[in-house]
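Here's the structure, in C-alpha coordinates; my notes come after.
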Protein chains: 2
Amino acid sequence: MVSSPNIPDIVIGRLPIYLRALTQMSQQGQTFTSSHELGQRLGISSAQIRKDLSLFGDFGKQGTGYQISHLLTQLKQILQVNHEWPMIIVGAGDLGRALAHYRGFVSRGFRVVGVFDNDPAKIGMGNGDWQVYGMDQMVSFIHKRRVKIAMLAVPAETAQEVSDRLVDAGIRAILSYAPITLVVPSGVHVQYIDPVMHLQRMTYYLKSDER
Amino acid sequence: MVSSPNIPDIVIGRLPIYLRALTQMSQQGQTFTSSHELGQRLGISSAQIRKDLSLFGDFGKQGTGYQISHLLTQLKQILQVNHEWPMIIVGAGDLGRALAHYRGFVSRGFRVVGVFDNDPAKIGMGNGDWQVYGMDQMVSFIHKRRVKIAMLAVPAETAQEVSDRLVDAGIRAILSYAPITLVVPSGVHVQYIDPVMHLQRMTYYLKSDER
DNA sequence: TAGATTGTTAATCGATTAACAATC
DNA sequence: TAGATTGTTAATCGATTAACAATC
(Lines give C-alpha, C1' and ligand atoms only; values in the text may rest on other atoms or scores of the structure.)
Protein backbone atom coordinates (compact mmCIF):
# COMPACT_ATOMS: atom_id res chain seq x y z
CA MET A 1 0.00 0.00 0.00
CA VAL A 2 1.64 3.20 -1.16
CA SER A 3 -0.35 5.85 0.60
CA SER A 4 -3.49 5.78 2.73
CA PRO A 5 -5.87 8.58 3.53
CA ASN A 6 -6.56 9.97 6.96
CA ILE A 7 -3.52 8.74 8.79
CA PRO A 8 -3.07 10.82 11.96
CA ASP A 9 0.11 12.90 11.91
CA ILE A 10 1.07 11.52 15.29
CA VAL A 11 1.29 8.07 13.70
CA ILE A 12 3.46 9.40 10.87
CA GLY A 13 5.75 10.81 13.53
CA ARG A 14 6.30 7.34 14.99
CA LEU A 15 7.14 5.62 11.71
CA PRO A 16 10.69 7.05 11.56
CA ILE A 17 11.20 5.77 15.11
CA TYR A 18 10.19 2.29 14.05
CA LEU A 19 12.33 2.56 10.94
CA ARG A 20 15.37 3.55 12.95
CA ALA A 21 15.01 0.72 15.47
CA LEU A 22 14.33 -1.88 12.79
CA THR A 23 17.39 -0.75 10.84
CA GLN A 24 19.50 -1.22 13.93
CA MET A 25 18.04 -4.70 14.57
CA SER A 26 18.68 -5.63 10.96
CA GLN A 27 22.28 -4.45 11.14
CA GLN A 28 22.74 -6.68 14.15
CA GLY A 29 21.64 -9.65 12.11
CA GLN A 30 18.13 -10.02 13.46
CA THR A 31 15.56 -11.13 10.88
CA PHE A 32 12.26 -11.20 12.77
CA THR A 33 10.73 -9.13 15.56
CA SER A 34 7.40 -8.80 17.32
CA SER A 35 5.33 -5.81 18.33
CA HIS A 36 6.13 -6.72 21.91
CA GLU A 37 9.90 -6.70 21.42
CA LEU A 38 9.87 -3.50 19.40
CA GLY A 39 7.62 -1.83 21.94
CA GLN A 40 9.81 -2.83 24.87
CA ARG A 41 12.80 -1.35 23.14
CA LEU A 42 11.11 1.94 22.33
CA GLY A 43 8.91 2.37 25.38
CA ILE A 44 5.75 2.10 23.29
CA SER A 45 2.92 -0.38 23.87
CA SER A 46 2.75 -3.38 21.57
CA ALA A 47 -0.90 -2.62 20.83
CA GLN A 48 0.03 0.80 19.56
CA ILE A 49 2.70 -0.55 17.26
CA ARG A 50 0.34 -3.12 15.79
CA LYS A 51 -2.36 -0.53 15.35
CA ASP A 52 -0.01 1.96 13.71
CA LEU A 53 1.36 -0.58 11.26
CA SER A 54 -2.03 -2.06 10.44
CA LEU A 55 -3.13 1.34 9.14
CA PHE A 56 -0.84 0.73 6.17
CA GLY A 57 -1.21 -2.98 5.58
CA ASP A 58 -0.92 -6.44 7.04
CA PHE A 59 2.80 -6.69 7.51
CA GLY A 60 2.94 -9.33 10.24
CA LYS A 61 2.13 -12.98 10.68
CA GLN A 62 0.37 -14.54 13.66
CA GLY A 63 2.73 -16.57 15.71
CA THR A 64 5.93 -15.28 14.14
CA GLY A 65 5.66 -11.50 14.12
CA TYR A 66 7.23 -9.23 11.51
CA GLN A 67 9.96 -10.01 9.03
CA ILE A 68 12.32 -7.10 9.54
CA SER A 69 13.52 -6.80 5.95
CA HIS A 70 9.97 -6.72 4.65
CA LEU A 71 8.85 -4.18 7.22
CA LEU A 72 11.86 -2.00 6.43
CA THR A 73 10.98 -2.03 2.74
CA GLN A 74 7.39 -1.12 3.49
CA LEU A 75 8.21 1.68 5.92
CA LYS A 76 10.74 3.21 3.55
CA GLN A 77 8.16 3.15 0.80
CA ILE A 78 5.49 4.72 3.01
CA LEU A 79 7.85 7.47 4.14
CA GLN A 80 9.17 7.82 0.59
CA VAL A 81 12.76 7.35 1.60
CA ASN A 82 13.27 4.35 -0.66
CA HIS A 83 14.84 6.85 -3.03
CA GLU A 84 17.29 9.61 -2.27
CA TRP A 85 16.23 13.22 -1.74
CA PRO A 86 18.66 15.99 -2.68
CA MET A 87 18.86 18.63 0.01
CA ILE A 88 20.44 22.06 0.44
CA ILE A 89 21.70 23.81 3.53
CA VAL A 90 21.37 27.57 3.91
CA GLY A 91 24.00 29.07 6.21
CA ALA A 92 27.59 27.86 6.39
CA GLY A 93 28.29 28.82 10.00
CA ASP A 94 29.36 26.26 12.60
CA LEU A 95 26.01 24.51 12.50
CA GLY A 96 25.58 24.56 8.72
CA ARG A 97 29.02 23.10 8.23
CA ALA A 98 28.46 20.44 10.89
CA LEU A 99 25.28 19.41 9.08
CA ALA A 100 27.05 19.43 5.73
CA HIS A 101 29.68 17.06 7.09
CA TYR A 102 27.24 14.78 8.83
CA ARG A 103 27.67 11.24 7.56
CA GLY A 104 24.26 9.97 8.62
CA PHE A 105 22.07 11.39 5.86
CA VAL A 106 22.89 9.23 2.87
CA SER A 107 22.05 5.85 4.37
CA ARG A 108 18.67 7.14 5.44
CA GLY A 109 17.43 8.72 2.23
CA PHE A 110 18.99 12.18 1.94
CA ARG A 111 22.03 13.80 0.36
CA VAL A 112 23.36 17.32 0.78
CA VAL A 113 23.97 18.70 -2.70
CA GLY A 114 24.66 22.34 -1.98
CA VAL A 115 25.37 24.86 0.79
CA PHE A 116 24.64 28.58 0.53
CA ASP A 117 26.18 31.51 2.39
CA ASN A 118 26.90 35.16 1.82
CA ASP A 119 30.45 35.12 3.17
CA PRO A 120 32.83 35.21 0.16
CA ALA A 121 35.52 33.52 2.26
CA LYS A 122 33.39 30.40 2.48
CA ILE A 123 32.35 30.15 -1.15
CA GLY A 124 34.00 27.25 -2.93
CA MET A 125 34.57 25.12 0.16
CA GLY A 126 33.11 21.64 -0.12
CA ASN A 127 33.53 17.94 -0.70
CA GLY A 128 32.49 15.42 -3.34
CA ASP A 129 28.78 15.96 -2.73
CA TRP A 130 28.48 19.70 -2.25
CA GLN A 131 30.22 23.03 -2.29
CA VAL A 132 29.41 26.43 -0.84
CA TYR A 133 27.76 28.87 -3.23
CA GLY A 134 26.73 32.49 -2.82
CA MET A 135 23.16 33.20 -1.82
CA ASP A 136 22.57 34.82 -5.21
CA GLN A 137 22.83 31.38 -6.82
CA MET A 138 20.38 29.70 -4.48
CA VAL A 139 17.15 30.12 -6.43
CA SER A 140 18.55 28.98 -9.76
CA PHE A 141 20.26 26.02 -8.08
CA ILE A 142 16.98 24.89 -6.51
CA HIS A 143 15.27 25.05 -9.85
CA LYS A 144 18.03 23.37 -11.80
CA ARG A 145 18.51 20.51 -9.37
CA ARG A 146 14.79 20.27 -8.52
CA VAL A 147 15.55 20.43 -4.82
CA LYS A 148 12.49 20.13 -2.56
CA ILE A 149 14.09 20.05 0.91
CA ALA A 150 16.19 22.68 2.69
CA MET A 151 17.84 22.84 6.08
CA LEU A 152 17.90 26.33 7.51
CA ALA A 153 20.95 27.23 9.59
CA VAL A 154 20.92 31.02 9.49
CA PRO A 155 20.46 33.51 12.35
CA ALA A 156 16.91 34.06 13.60
CA GLU A 157 16.87 37.59 12.16
CA THR A 158 17.15 36.46 8.55
CA ALA A 159 15.34 33.12 8.81
CA GLN A 160 11.91 34.34 7.70
CA GLU A 161 13.31 36.21 4.73
CA VAL A 162 15.37 33.22 3.59
CA SER A 163 12.38 30.95 4.12
CA ASP A 164 10.28 33.13 1.80
CA ARG A 165 12.89 32.88 -0.92
CA LEU A 166 13.16 29.11 -0.49
CA VAL A 167 9.42 28.66 -0.80
CA ASP A 168 9.27 30.89 -3.87
CA ALA A 169 11.99 28.83 -5.48
CA GLY A 170 10.06 25.60 -5.00
CA ILE A 171 11.23 24.21 -1.66
CA ARG A 172 8.44 22.16 -0.07
CA ALA A 173 10.01 21.04 3.21
CA ILE A 174 12.16 23.07 5.60
CA LEU A 175 14.04 21.81 8.62
CA SER A 176 14.73 24.97 10.56
CA TYR A 177 17.34 25.45 13.28
CA ALA A 178 16.39 29.09 13.76
CA PRO A 179 14.55 29.59 17.06
CA ILE A 180 11.53 31.34 15.58
CA THR A 181 8.21 30.16 14.18
CA LEU A 182 8.25 30.55 10.40
CA VAL A 183 5.24 31.64 8.38
CA VAL A 184 4.86 29.55 5.24
CA PRO A 185 2.01 28.87 2.78
CA SER A 186 -0.04 25.74 3.31
CA GLY A 187 1.45 22.82 1.49
CA VAL A 188 4.95 23.71 2.69
CA HIS A 189 6.13 21.59 5.60
CA VAL A 190 8.30 22.89 8.40
CA GLN A 191 9.98 21.07 11.23
CA TYR A 192 11.99 22.78 13.95
CA ILE A 193 15.04 21.78 15.90
CA ASP A 194 15.87 23.95 18.91
CA PRO A 195 18.10 22.26 21.47
CA VAL A 196 17.23 24.81 24.13
CA MET A 197 13.58 23.82 24.04
CA HIS A 198 14.54 20.23 24.77
CA LEU A 199 16.79 21.34 27.61
CA GLN A 200 14.09 23.52 29.13
CA ARG A 201 11.67 20.64 29.00
CA MET A 202 14.07 18.60 31.12
CA THR A 203 15.00 21.27 33.68
CA TYR A 204 11.35 21.42 34.71
CA TYR A 205 11.77 17.97 36.21
CA LEU A 206 15.17 18.50 37.82
CA LYS A 207 15.22 19.21 41.52
CA SER A 208 16.22 22.81 41.93
CA ASP A 209 18.53 22.04 44.87
CA GLU A 210 20.62 20.03 42.46
CA ARG A 211 21.40 22.99 40.23
CA MET B 1 3.77 28.93 42.35
CA VAL B 2 7.02 27.01 42.17
CA SER B 3 5.89 23.55 41.17
CA SER B 4 2.51 21.89 40.80
CA PRO B 5 1.66 18.22 40.87
CA ASN B 6 0.15 16.26 38.03
CA ILE B 7 0.95 18.56 35.16
CA PRO B 8 0.77 16.56 31.91
CA ASP B 9 4.12 16.29 30.16
CA ILE B 10 2.57 17.52 26.95
CA VAL B 11 1.84 20.82 28.69
CA ILE B 12 5.42 21.08 29.93
CA GLY B 13 6.51 20.60 26.35
CA ARG B 14 4.57 23.67 25.28
CA LEU B 15 5.92 26.00 27.95
CA PRO B 16 9.29 26.47 26.20
CA ILE B 17 7.38 27.38 23.04
CA TYR B 18 5.46 30.05 24.91
CA LEU B 19 8.65 31.25 26.56
CA ARG B 20 10.41 31.59 23.24
CA ALA B 21 7.59 33.53 21.59
CA LEU B 22 7.12 35.82 24.59
CA THR B 23 10.84 36.56 24.68
CA GLN B 24 10.70 37.59 21.06
CA MET B 25 7.66 39.80 21.66
CA SER B 26 9.38 41.39 24.62
CA GLN B 27 12.52 42.09 22.59
CA GLN B 28 10.35 43.85 20.04
CA GLY B 29 9.09 46.16 22.74
CA GLN B 30 5.68 44.64 23.27
CA THR B 31 4.48 44.68 26.89
CA PHE B 32 1.11 42.91 26.82
CA THR B 33 -0.34 40.02 24.85
CA SER B 34 -3.48 37.90 24.84
CA SER B 35 -4.04 34.18 24.57
CA HIS B 36 -5.59 34.88 21.20
CA GLU B 37 -2.57 36.74 19.84
CA LEU B 38 -0.08 34.22 21.16
CA GLY B 39 -2.16 31.37 19.81
CA GLN B 40 -2.39 32.89 16.35
CA ARG B 41 1.33 33.28 16.25
CA LEU B 42 2.04 29.71 17.31
CA GLY B 43 -0.83 27.89 15.65
CA ILE B 44 -2.30 26.89 19.02
CA SER B 45 -5.84 27.60 20.17
CA SER B 46 -6.33 30.42 22.65
CA ALA B 47 -8.29 28.10 24.93
CA GLN B 48 -5.36 25.75 25.15
CA ILE B 49 -2.96 28.50 26.05
CA ARG B 50 -5.23 29.79 28.79
CA LYS B 51 -5.76 26.30 30.11
CA ASP B 52 -2.06 25.47 30.10
CA LEU B 53 -1.11 28.67 31.91
CA SER B 54 -3.94 28.43 34.43
CA LEU B 55 -2.49 25.12 35.64
CA PHE B 56 0.31 27.14 37.21
CA GLY B 57 -1.47 30.25 38.40
CA ASP B 58 -3.61 33.21 37.45
CA PHE B 59 -1.21 35.16 35.30
CA GLY B 60 -3.69 37.13 33.21
CA LYS B 61 -6.25 39.86 33.67
CA GLN B 62 -9.67 39.98 32.12
CA GLY B 63 -9.89 42.63 29.46
CA THR B 64 -6.15 43.23 29.15
CA GLY B 65 -4.53 39.82 28.82
CA TYR B 66 -1.05 38.95 30.05
CA GLN B 67 1.77 41.27 31.03
CA ILE B 68 4.67 39.80 29.07
CA SER B 69 7.39 40.58 31.58
CA HIS B 70 5.43 38.99 34.40
CA LEU B 71 4.61 35.90 32.35
CA LEU B 72 8.25 35.56 31.32
CA THR B 73 9.33 35.64 34.95
CA GLN B 74 6.78 33.02 35.90
CA LEU B 75 7.56 30.68 33.01
CA LYS B 76 11.29 30.89 33.68
CA GLN B 77 10.67 30.04 37.29
CA ILE B 78 8.41 27.10 36.43
CA LEU B 79 10.93 25.71 33.95
CA GLN B 80 13.76 26.51 36.38
CA VAL B 81 15.69 28.53 33.85
CA ASN B 82 15.70 31.66 35.98
CA HIS B 83 19.19 30.54 36.98
CA GLU B 84 21.95 29.23 34.77
CA TRP B 85 22.66 25.51 34.34
CA PRO B 86 26.23 24.41 33.63
CA MET B 87 26.37 21.86 30.85
CA ILE B 88 28.97 19.60 29.27
CA ILE B 89 29.29 18.28 25.75
CA VAL B 90 30.68 14.81 25.07
CA GLY B 91 32.24 14.48 21.64
CA ALA B 92 34.22 17.24 19.92
CA GLY B 93 33.51 16.27 16.33
CA ASP B 94 31.81 18.65 13.91
CA LEU B 95 28.56 18.57 15.81
CA GLY B 96 30.05 18.82 19.30
CA ARG B 97 32.11 21.81 18.29
CA ALA B 98 29.16 23.48 16.57
CA LEU B 99 27.18 23.09 19.80
CA ALA B 100 30.08 24.35 21.88
CA HIS B 101 30.24 27.51 19.77
CA TYR B 102 26.51 28.07 19.69
CA ARG B 103 25.72 31.52 21.06
CA GLY B 104 22.10 30.85 21.94
CA PHE B 105 22.47 28.93 25.19
CA VAL B 106 23.46 31.59 27.68
CA SER B 107 20.52 33.93 27.23
CA ARG B 108 18.12 31.03 27.73
CA GLY B 109 19.49 29.48 30.91
CA PHE B 110 22.44 27.28 29.96
CA ARG B 111 26.23 27.53 29.68
CA VAL B 112 28.68 25.07 28.20
CA VAL B 113 31.45 24.63 30.77
CA GLY B 114 33.39 21.69 29.33
CA VAL B 115 33.80 19.49 26.25
CA PHE B 116 35.17 15.94 26.34
CA ASP B 117 36.81 13.90 23.60
CA ASN B 118 39.36 11.15 23.26
CA ASP B 119 41.32 12.71 20.42
CA PRO B 120 44.56 14.16 21.88
CA ALA B 121 44.74 16.65 19.01
CA LYS B 122 41.55 18.30 20.23
CA ILE B 123 42.40 18.49 23.91
CA GLY B 124 43.07 22.02 25.06
CA MET B 125 40.99 23.74 22.40
CA GLY B 126 38.39 26.09 23.80
CA ASN B 127 37.21 29.59 24.59
CA GLY B 128 36.48 31.61 27.70
CA ASP B 129 33.70 29.29 28.88
CA TRP B 130 35.06 25.83 28.11
CA GLN B 131 37.96 23.80 26.88
CA VAL B 132 38.30 20.27 25.55
CA TYR B 133 39.41 17.67 28.09
CA GLY B 134 40.17 13.99 27.73
CA MET B 135 37.41 11.52 28.47
CA ASP B 136 39.35 10.28 31.48
CA GLN B 137 38.67 13.59 33.21
CA MET B 138 34.94 13.57 32.57
CA VAL B 139 33.67 11.91 35.74
CA SER B 140 35.75 14.01 38.12
CA PHE B 141 34.79 17.17 36.23
CA ILE B 142 31.08 16.38 36.57
CA HIS B 143 31.47 15.85 40.29
CA LYS B 144 33.63 18.89 40.90
CA ARG B 145 31.45 21.29 38.92
CA ARG B 146 28.22 19.58 39.98
CA VAL B 147 27.07 19.34 36.37
CA LYS B 148 23.60 17.84 35.90
CA ILE B 149 23.11 18.22 32.14
CA ALA B 150 25.07 16.72 29.25
CA MET B 151 24.77 16.94 25.50
CA LEU B 152 25.80 13.75 23.75
CA ALA B 153 27.50 14.17 20.37
CA VAL B 154 29.35 10.88 19.97
CA PRO B 155 28.84 8.12 17.37
CA ALA B 156 25.90 5.77 17.89
CA GLU B 157 28.24 2.88 18.70
CA THR B 158 29.61 4.47 21.86
CA ALA B 159 26.56 6.46 22.94
CA GLN B 160 25.12 3.90 25.38
CA GLU B 161 28.47 3.33 27.05
CA VAL B 162 29.10 7.06 27.46
CA SER B 163 25.55 7.52 28.72
CA ASP B 164 26.14 4.94 31.44
CA ARG B 165 29.24 6.77 32.61
CA LEU B 166 27.44 10.11 32.60
CA VAL B 167 24.60 8.75 34.70
CA ASP B 168 27.00 7.13 37.15
CA ALA B 169 28.80 10.43 37.52
CA GLY B 170 25.60 12.26 38.45
CA ILE B 171 24.20 13.57 35.18
CA ARG B 172 20.40 13.80 35.38
CA ALA B 173 19.47 15.10 31.93
CA ILE B 174 20.89 14.07 28.58
CA LEU B 175 20.25 15.68 25.22
CA SER B 176 21.37 13.02 22.79
CA TYR B 177 22.23 13.52 19.14
CA ALA B 178 23.05 9.83 18.68
CA PRO B 179 20.38 8.09 16.60
CA ILE B 180 19.68 5.30 19.09
CA THR B 181 17.33 4.92 22.04
CA LEU B 182 19.33 5.09 25.27
CA VAL B 183 18.58 2.96 28.30
CA VAL B 184 18.79 4.99 31.49
CA PRO B 185 17.53 4.53 35.06
CA SER B 186 14.26 6.18 35.99
CA GLY B 187 14.83 9.68 37.27
CA VAL B 188 17.25 10.43 34.44
CA HIS B 189 15.73 12.44 31.63
CA VAL B 190 16.64 12.00 27.99
CA GLN B 191 15.67 14.02 24.96
CA TYR B 192 16.68 13.15 21.42
CA ILE B 193 17.54 15.24 18.41
CA ASP B 194 17.78 13.36 15.12
CA PRO B 195 17.40 15.57 12.05
CA VAL B 196 16.72 12.59 9.81
CA MET B 197 13.59 11.70 11.76
CA HIS B 198 12.23 15.18 11.13
CA LEU B 199 13.09 14.93 7.45
CA GLN B 200 11.41 11.54 7.12
CA ARG B 201 8.30 12.89 8.75
CA MET B 202 8.09 15.54 6.05
CA THR B 203 8.85 13.34 3.03
CA TYR B 204 5.74 11.30 3.85
CA TYR B 205 3.68 14.30 2.80
CA LEU B 206 5.67 15.26 -0.30
CA LYS B 207 4.30 14.16 -3.63
CA SER B 208 6.58 11.47 -4.95
CA ASP B 209 6.51 12.84 -8.48
CA GLU B 210 8.23 15.91 -7.15
CA ARG B 211 11.27 14.03 -5.91
C1' DT C 1 -19.84 52.13 31.13
C1' DA C 2 -18.75 49.06 27.06
C1' DG C 3 -15.55 46.12 25.22
C1' DA C 4 -12.27 42.74 25.81
C1' DT C 5 -10.32 38.78 27.71
C1' DT C 6 -9.57 35.79 31.40
C1' DG C 7 -10.19 31.18 34.01
C1' DT C 8 -13.02 27.29 34.08
C1' DT C 9 -16.65 23.99 33.08
C1' DA C 10 -18.73 20.72 30.23
C1' DA C 11 -18.78 18.67 25.78
C1' DT C 12 -16.23 16.90 22.17
C1' DC C 13 -12.72 14.83 20.00
C1' DG C 14 -9.00 11.72 19.33
C1' DA C 15 -5.55 8.59 20.93
C1' DT C 16 -4.24 4.62 23.65
C1' DT C 17 -4.99 0.23 25.67
C1' DA C 18 -7.07 -4.21 26.91
C1' DA C 19 -8.79 -8.15 25.23
C1' DC C 20 -9.48 -11.83 22.13
C1' DA C 21 -10.79 -14.42 17.91
C1' DA C 22 -8.16 -15.71 14.08
C1' DT C 23 -4.39 -18.11 12.47
C1' DC C 24 0.50 -18.98 11.44
C1' DT D 1 -0.81 -29.78 17.55
C1' DA D 2 0.43 -26.12 21.06
C1' DG D 3 2.27 -21.79 21.58
C1' DA D 4 2.78 -17.36 19.99
C1' DT D 5 1.42 -13.22 17.97
C1' DT D 6 -1.21 -10.76 14.79
C1' DG D 7 -5.10 -7.41 13.43
C1' DT D 8 -9.12 -5.39 15.23
C1' DT D 9 -12.90 -4.13 18.25
C1' DA D 10 -14.67 -1.92 22.14
C1' DA D 11 -13.56 0.41 26.30
C1' DT D 12 -10.85 3.64 28.48
C1' DC D 13 -8.23 7.41 28.97
C1' DG D 14 -6.66 11.97 28.16
C1' DA D 15 -6.37 16.14 25.56
C1' DT D 16 -8.61 19.87 23.07
C1' DT D 17 -12.24 23.03 22.26
C1' DA D 18 -16.49 25.72 22.78
C1' DA D 19 -18.83 28.54 25.57
C1' DC D 20 -19.64 31.79 29.09
C1' DA D 21 -19.87 33.98 33.72
C1' DA D 22 -16.73 36.88 35.94
C1' DT D 23 -14.35 40.98 35.85
C1' DC D 24 -10.70 44.22 34.51
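Every chain is numbered from 1, with letters handed out A, B, ... down the list of sequences. Scope of the values below: all heavy atoms of this structure, side chains included, with no hydrogens, waters or symmetry mates.
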Interface limits on DNA chain C, where chain A has a heavy atom under 4.0 Å of a nucleotide atom: C:dA15 to C:dC24
Side-chain donor-acceptor contact under 3.5 Å, A:Gln30 with A:Glu37: yes
A:Asp129 bridged to A:Arg111 by N-O distance under 4.0 Å: yes
Salt bridge (Lys or Arg N to Asp or Glu O under 4.0 Å) contacts in which one or both residues fall within residues 44-60 of chain A, not counting sequence neighbours: A:Arg14-A:Asp52
Which pairs of donor and acceptor atoms, one on a side chain in residues 174-192 of chain B, lie under 3.5 Å apart (sequence neighbours left out)?
unit_1, atom_1, unit_2, atom_2, d
B:Ser176, OG, B:Ala178, N, 3.1
B:Gln191, OE1, A:His198, ND1, 2.8
B:Tyr192, OH, B:Leu182, N, 2.8

Residue pair B:Ile142, B:Leu166: steps toward the side chain to side chain contact (heavy atoms under 4.5 Å, CB included) verdict: CA-CA 8 Å; B:Ile142 291 168; B:Leu166 288 169; 3.8 Å; yes
Check: A:Leu206 and B:Ile149 side chains under 4.5 Å, non-hydrogen atoms: yes
Consecutive Watson-Crick or G-U pairs in runs of at least 3, all under 3.5 Å, in which DNA chain D is involved: C:3-24 with D:3-24
Contact list for DNA chain C against residues 63-73 of chain B - heavy-atom distance below 4.0 Å: B:Gly63, B:Thr64, B:Gly65, B:Tyr66
Close side-chain approach of B:Phe56 to B:Ile7, heavy-atom, < 4.5 Å: yes
Selection: residues 18-52 of chain A, any non-hydrogen atom under 4.0 Å of DNA chain D: A:Ser34, A:Ser35, A:Arg50, A:Lys51
Ring-ring centroid check B:Phe59 B:Tyr66, cutoff 6.0 Å: no
Pairwise distance CD1(B:Ile89) to CG(B:Leu152) - rounded to 0.5 angstrom: 11.0 Å
Derivation of the side chain to side chain contact (heavy atoms under 4.5 Å, CB included) call for A:Ile88 and A:Trp130: CA-CA 9 Å; A:Ile88 62 167; A:Trp130 53 265; over 6 Å; no
Close side-chain approach of B:Val11 and B:Leu55, heavy atoms under 4.5 Å: yes
Side-chain (B:Arg108) to main-chain (A:Gln200) donor-acceptor, under 3.5 angstrom: no
